[in-house]
Amino acid sequence: MSEPLPPFQAPTGTHDVLGPDSALWEGLVGTFAQRAYRYGFSLVMTPIFEDVGVFTRGIGEESDVFRNEMYVFSDRGERRYALRPEGTASVVRAFVQHQPTTPWKAWYVTPAFRYERPQAGRYRQHYQLGAEVLGTEDPTVDVEVIALAHGFFREIGLTRVRLLVNSMGHTACRASYVELLSEYLAEHQDELVDEHREGWRLNPLRVLDCKNESCVAVTAKGPMLVDHLCAECRDHFDQVLAGLSALGIESTLAPRLVRGFDYYSRTTFEFVADALDAAQNAVGGGGRYDTLAEQLGGKPTSGIGFGSGVERVLLARAAEGIVTPLLKRSLDVFVVDTTGDVGVARLVEDLRSAGVATERAYDQRSMKAQMKVADKSGARWALLIGPEELAAGEVTMKDLRSEDFNQAQSRVARSEIVSTVQELLTK
RNA sequence: GUGGGCGUAGCUCAGUUGGUUAGAGCGCCAGGUUGUGGUCCUGGAGGCCGCGGGUUCGACCCCCGUCGCUCACCCCA
């Protein structure tokens with residue numbers, strides 16, 4: 001007699017979001033959308049999969065994301081596609097394709113996919129909120145993008161989030177730095193962890209990001225990129241830092257901050273949630289990319305953007321003990337009907353059409369049962385319709401938030417119920 | 001890809017040295033007389049004890065495998 005176990009469940013590393021959790025998601029996305037709008041951004045939507053090249057060009061073929069974590073597949077036409085591992089590349093591809101007037105400011109919310117073992121704050125499908133600005137290298141924009149992210153984190157209640165900033169320099173000055181770093185690493189390679197002792201030549205910058213103690217000991221004494229920027233990059237970075245402090249946004253210089261994608265140049269930043277003791281404590285990050293548009297076949301166009309992981313933001317909120325809802329919404333009325341009269345469906349429809357959030361009970365349950373559901377629904381008022389009301393052309397309206405259970409109700413004519421509720425709601 | 005922990009009702013979890021009808025709380029459903037919600041009382045539904053194999057007279061319990069979840073390494077949002 002028992003039902004068989006469900007044969008399907010959400011794939012490893014993915015998850016469903018249902019109410020009441022989904023209200024947090026809705027609130028988070030809504031908050032970000034409104035903030036982005038205030039900053040002059042408009043929504044951009046791009047396909048969830050792209051030609052593999054869109055991602056490999058920018059992210060870098062040596063990056064871990066590309067090498068091991070991409071969801072790559074061929075369609076029936078033997079075209080090679082990949083599910084997007086991050087948001088920026090697709091947006092830049094769209095920019096190159098459509099050539100909107102610059103500066104172009106776009107925000108997005110999208111799932112992102114990476115094939116890796118899931119753990120706290122890391123999933124195979126997660127969601128990112130992000131924003132990009134293309135067509136200007138003005139450091140003012142770097143500051144604006146960071147301010148957008150910073151303000152967003154504050155608005156949703158996060159207080160224990162630190163901003164780390166660094167500059168990667170532009171292509172030429174980074175190249176000369178990498179040479180310098182390589183020389184240094186060559187002298188000290190015996191002191192690095194096994195993984196880097198042989199592998200550092202592939203991507204010397206990666207070593208800076210290593211958290212292993214012995215690697216940290218080596219790189220701490222080595223040359224730092226910020227100390228070897230060319231005059232222009234140095235000036236650009238100084239303007240970003242000055243802009244941030246002018247806005248009262250605290251930041252920490254993180255000379256070892258090297259982000260995972262190869263396309264970054266000049267400004268890079270990361271928001272770290274100290275409330276998260278999990279290994280995954282970066283709730284957002286981004287930076288400037290001066291060559292990505294070109295790599296994707298467009299005219300040389302500088303851009304900057306950031307992305308933030310929704311799941312991690314929610315984890316950070318929970319870790320900080322924030323319980324205030326991001327979305328305040330509740331039902332206005334709950335219709336209780338024991339007659340089954342079709343006119344009740346009409347009443348419900350009239351209320352909803354008039355902008356009144358209305359729910360009702362189904363399956364002709366007892367009045368007591370319906371009232372229990374009404375109570376749990378959180379509705380402000382219950383509208384009761386029994387045989388008596390039906391005959392009289394009236395509705396009993398009951399205040400569900402009144403302390404006094406039996407007195408808080410009155411009879412209202414059916415023809416006036418919609419306007420009565422509307423009037424009460426505007427008070 | 002590598003390692004640790006865990007899989008018992010919708011949810012959170014008990015389950016005594018393996019012993020026969022597997023429990024609690026919450027949730028859900030129905031009642032507590034005549035049409036009315038938060039508390040209370042009563043009753044009820046709901047479990048291939050993740051799956052497969054093994055040991056045993058007997059397995060939720062022990063062993064092996066498998067799948068899933070979870071945490072960490074790596075890397076990242």
Side-chain angles (χ1 to χ4, degrees), chain A residues 1-15 18 59 62-69 84-88 109-130 149 193-196 199 203 206 209-212 258-261 270-273 276-286 306-316 334 336-339 361 363 365-379 381-390 396-409:
Chain A
M1 294 298 270
S2 58
E3 295 293 320
L5 293 171
F8 301 116
Q9 53 185 308
T12 297
T14 71
H15 52 95
L18 354 191
I59 293 172
E62 299 307 332
S63 75
D64 234 58
V65 169
F66 170 69
R67 286 215 312 255
N68 313 313
E69 301 177 358
R84 74 160 51 110
E86 55 102 35
T88 303
V109 53
T110 178
F113 304 84
R114 294 185 202 159
Y115 189 88
E116 46 189 350
R117 288 286 288 270
Q119 67 189 79
R122 196 180 70 183
Y123 311 94
R124 288 188 175 173
Q125 173 175 349
H126 74 280
Y127 290 81
Q128 286 192 15
L129 293 166
V193 286
D194 298 352
E195 181 196 344
H196 292 309
N203 190 347
R206 196 76 283 141
D209 201 33
C210 184
K211 285 149 196 140
N212 181 278
V258 175
R259 297 188 44 78
F261 305 135
E270 196 164 286
F271 287 91
V272 177
L276 291 178
D277 52 2
Q280 276 64 248
N281 63 353
V283 292
F306 88 99
S308 174
V310 175
E311 289 85 351
R312 287 191 190 175
V313 168
L314 290 174
L315 282 175
F334 192 100
V336 170
D337 164 47
T338 57
T339 69
D363 300 322
R365 300 174 65 187
S366 71
M367 180 162 285
K368 176 172 179 164
Q370 292 190 47
M371 281 303 293
K372 283 189 170 187
V373 178
D375 183 53
K376 279 173 197 147
S377 78
W381 295 283
L383 301 182
L384 286 68
I385 298 148
E388 231 178 86
E389 286 87 350
L390 189 67
T396 293
M397 186 169 184
K398 179 163 187 174
D399 184 347
L400 289 173
R401 294 187 197 163
S402 169
E403 304 277 319
D404 189 348
F405 277 24
N406 296 317
Q407 298 305 313
Q409 65 182 52

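Per chain, numbering begins at 1; letters A, B, ... match sequence-line order. Just the heavy atoms: all of them, side chains too, but no hydrogens, waters or symmetry mates, feed the values below.
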- When the nearest nucleotide of RNA chain B is assigned to Ala379(A) and to Val283(A) on a heavy-atom basis, which residue is associated with the more 5' position? Ala379(A)
- Are Gln409(A) and Thr396(A) close enough that a side-chain donor and a side-chain acceptor fall under 3.5 Å? no
- Message: Considering every strand and a 4.0 Å limit on heavy-atom distances, what is the contact class for Tyr127(A): base, sugar-phosphate, or nothing?
- Response: nothing
- Item | For atom CE of Met367(A) and atom C1' of rG32(B), their distance in whole Å | 18 Å
- Message: Under 4.0 Å from OP1 or OP2 of rU36(B): is there any side-chain N or O of Thr396(A) that close?
- Response: no
- Side-chain donor/acceptor of Arg122(A) to base of rC74(B), under 3.5 Å: yes
- Message: Taking only side-chain N and O atoms of Gln119(A), does any of them lie within less than 4.0 angstrom of OP1 or OP2 on rC71(B)?
- Response: no
- Partner nucleotide, any strand, of rU2(B) [Watson-Crick/G-U, under 3.5 Å]: rA72(B)
- Distance-only, no hydrogens or angles: does the Ser308(A) side chain make a donor-acceptor pair with backbone N or O of Val283(A) under 3.5 Å? yes
- Item | Sugar-phosphate, base or nothing in reach of Gly121(A), heavy atoms under 4.0 Å | base
- Query: Rounded to whole angstrom units, what separation is found between the NE2 atom of His126(A) and the P atom of rA77(B)?
  - Reply: 7 Å
- Message: How many whole angstroms separate atom CG of Asn281(A) from atom P of rA72(B)?
- Response: 11 Å
- Item | Distance in Å, Gln119(A) CD paired with Gln280(A) CD, rounded so as to fall on 0.5 Å steps | 4.0 Å
- Note on the structure: Pairing partner of rA30(B), by Watson-Crick or G-U wobble and under 3.5 Å for both distances, is rU42(B)
Polar atoms only, N or O, under 3.5 Å: list the protein pairs with nucleotides 3-13 of chain B and their distances.
unit_1 : atom_1 : unit_2    : atom_2 : d
rG3(B) : O6     : Arg117(A) : NH2    : 3.2

- In the strands shown, is rG52(B) matched to any nucleotide by a Watson-Crick or G-U wobble pair with both distances under 3.5 Å, and which? rC64(B)
- Task: Using only heavy-atom distances, decide whether a donor-acceptor pair under 3.5 angstrom links the side-chain of Glu69(A) to the base of rA77(B).
- Result: no
- Glu389(A) (side chain) and rG35(B) (base): donor-acceptor pair under 3.5 Å: yes
- Check for a donor-acceptor pair, side chain of Glu311(A) on one end and backbone N or O of Arg122(A) on the other, with a separation under 3.5 Å. no
- Testing rA30(B), rU36(B), rA77(B) for proximity to the side chain of Tyr123(A), the answer is rA77(B)
- Task: Identify whether any heavy atom of Glu388(A) sits under 4.0 Å from a base atom; if not, whether one sits that close to sugar-phosphate; answer base, sugar-phosphate or nothing.
- Result: base
- Query: In whole angstroms, how far is the P atom of rG31(B) from the CE atom of Met371(A)?
  - Reply: 16 Å
- Query: Who is the Watson-Crick or G-U wobble partner of rU12(B), with both distances under 3.5 Å?
  - Reply: rA24(B)
- With the side chain of Arg365(A) defined as its heavy atoms from C-beta on, choose the nearest nucleotide among rG68(B), rA30(B), rC75(B). rA30(B)
- Query: Counting side-chain heavy atoms from CB outward, which of rG37(B), rG68(B), rC74(B) is closest to Gln280(A)?
  - Reply: rC74(B)
- Query: Over how many whole Å does the gap from Lys376(A) atom NZ to rC29(B) atom C1' extend?
  - Reply: 10 Å
- Query: Who is the Watson-Crick or G-U wobble partner of rG18(B), with both distances under 3.5 Å?
  - Reply: none
- Message: Using a heavy-atom cut-off of 4.0 Å across all strands, would you classify Ala374(A) as base, sugar-phosphate, or nothing?
- Response: nothing
- When rounded to the nearest 0.5 angstrom, what distance separates NE2 in His15(A) from NE2 in His126(A)? 9.5 Å
- Message: Please give the distance between the C1' atoms of rG15(B) and rC74(B) as a whole number of Å.
- Response: 40 Å
- Task: Send over the distance from Phe334(A) CZ to rG38(B) C1', rounded to a whole Å.
- Result: 15 Å
- State the CG-CG distance between Asp375(A) and Leu400(A), to the nearest 0.5 angstrom. 6.5 Å
- Query: Between atom CZ of Arg365(A) and atom CG of Asp337(A), what is the distance when rounded to the nearest 0.5 Å?
  - Reply: 13.5 Å
- Message: Measuring only the C1' atom in each nucleotide, how far is rG58(B) from rG4(B)? A whole number of Å is fine.
- Response: 33 Å
- Task: Tell whether Gln370(A) reaches the base of rU36(B) with its side chain through a donor-acceptor pair below 3.5 angstrom.
- Result: no
- Message: As a quick check of understanding, evaluate side-chain contact (heavy atoms from CB on, under 4.5 Å) for Met371(A) and Leu384(A), giving each step before the final call.
- Response: CA-CA 9 Å; Met371(A) 281 303 293; Leu384(A) 286 68; 4.2 Å; yes
- Query: How many angstroms lie between atom CZ of Arg124(A) and atom CD of Glu116(A), to the nearest 0.5 angstrom?
  - Reply: 8.5 Å
- Task: Send over the distance from Tyr115(A) OH to rU2(B) P, rounded to a whole Å.
- Result: 11 Å
- Starting at the 5' end of RNA chain B and moving along, which residue's nearest nucleotide shows up first, Arg312(A) or Thr12(A)? Thr12(A)
- Between OG1 of Thr88(A) and CD of Gln128(A), what distance do you get to the nearest 0.5 Å? 7.5 Å
- Atom CG of Leu383(A) and atom C1' of rU36(B) are separated, to the nearest Å, by 13 Å
Tabulated below should be each protein N or O lying under 3.5 Å from an N or O of nucleotides 40-43 of chain B; please produce it.
none

